[in-house]
Amino acid sequence: MRTYLISYDLAKPHLIKHVVAQAIMAAGQSWARPLEQTWYVRSEESEEAIEAKLMRILEAEDGLLIQRVKDDAVLTNTSIRWFKQRQAGVEAGGDTNIIAFPAPPPGTPDEPELPFAKAS
């Protein structure tokens with residue numbers, strides 16, 4: 001599993017900001033978003049494969065950075081909390097639009113959130 005730093009600069013963020021976010025979250029098995037336009041994604045895919053997926057929705061004026069990184073990082077006034085990609089839900093049954101996501105078994109501890117960095 002590789003960890004990538006993905007950052008972008010959109011020329012028209014009001015039009016596709018949420019579409020880009022959805023595409024980034026779908027690019028790997030888990031993701032974190034420490035800053036507004038900065039993401040960490042854990043994926044088995046290459047940088048080129050992720051770029052190809054994202055370039056389908058980006059415009060020529062948009063900027064994109066994808067870089068393989070180590071897990072070490074310095075964070076100021078932010079923290080990283082990893083989220084797993086959502087798996088297909090289990091239908092609640094009947095004609096309903098409600099999807100029930102399986103809950104973790106009781107007693108399974110959540111992954112702790114890292115503390116905020118202190119400025120020096």
Side-chain angles (χ1 to χ4, degrees):
M1 182 85 49
R2 300 175 194 106
T3 301
Y4 296 104
L5 172 74
I6 301 176
S7 186
Y8 58 87
D9 188 18
L10 303 176
K12 300 173 187 169
H14 58 286
L15 296 179
I16 64 167
K17 178 171 71 171
H18 298 293
V19 176
V20 173
Q22 290 293 325
I24 291 172
M25 287 186 280
Q29 288 71 29
S30 60
W31 54 269
R33 185 178 183 188
L35 297 171
E36 180 70 23
Q37 298 173 15
T38 303
W39 299 73
Y40 286 109
V41 175
R42 290 184 177 152
S43 177
E44 295 291 343
E45 296 193 42
S46 68
E47 294 94 326
E48 294 82 8
I50 295 172
E51 177 192 24
K53 289 179 181 180
L54 295 177
M55 290 308 292
R56 292 183 202 142
I57 56 176
L58 296 177
E59 300 290 329
E61 306 85 29
D62 297 332
L64 177 65
L65 168 85
I66 302 173
Q67 180 180 5
R68 188 171 177 181
V69 296
K70 296 180 181 180
D71 289 335
D72 301 334
V74 175
L75 305 170
T76 303
N77 296 327
T78 189
S79 63
I80 292 181
R81 181 170 179 182
W82 287 96
F83 296 91
K84 295 191 184 303
Q85 183 183 23
R86 287 189 177 166
Q87 302 298 318
V90 178
E91 288 290 337
D95 288 332
T96 180
N97 62 352
I98 298 172
I99 297 176
F101 289 94
T108 304
D110 288 336
E111 189 172 317
E113 189 168 326
L114 298 173
F116 286 103
K118 292 188 173 37
S120 51

Task: Nearest atoms (heavy-atom pairs only) where Ser7 meets Thr38 - done: OG-OG1, 3.7 Å

TODO: Nearest 0.5 Å please: distance from the CD atom of Glu48 over to the CD atom of Glu51.
DONE: 7.0 Å

Task: Shortest non-hydrogen contact from Met55 toward Leu64 - done: SD-CD2, 3.9 Å

Open item on the list: Please find the pair of heavy atoms, one from Ala23 and one from Leu54, that lie closest to each other, and give the distance.
Closed with: CB-CD2, 3.6 Å

Open item on the list: What I'd like to find out is whether the side chain of Tyr40 reaches to under 4.5 Å of the side chain of Leu5, using heavy atoms alone.
Closed with: yes

Open item on the list: Using side-chain heavy atoms (C-beta onward) and a distance below 4.5 Å, is Leu58 in contact with Ile16?
Closed with: yes

Task: The single option from Arg68, Arg2, Gln67 passing side-chain contact (heavy atoms from CB on, under 4.5 Å) against Glu47 - done: Arg68

Task: Any Glu59 side-chain heavy atom under 4.5 Å of Lys12 side chain - done: no

- [ ] Check Tyr8 against Gln37 and note the closest heavy-atom contact, atom names and distance.
- [x] O-OE1, 2.7 Å

Open item on the list: Give me the atom names and distance for the closest heavy-atom approach of Met1 to Ser43.
Closed with: SD-N, 3.6 Å

Task: Nearest non-hydrogen partners of Leu10 and Lys17, listed with the distance - done: CD1-CA, 3.8 Å

Open item on the list: Is there a side-chain contact between Ile6 and Trp31 in this structure, where contact means two heavy atoms from C-beta onward sitting under 4.5 Å apart?
Closed with: no

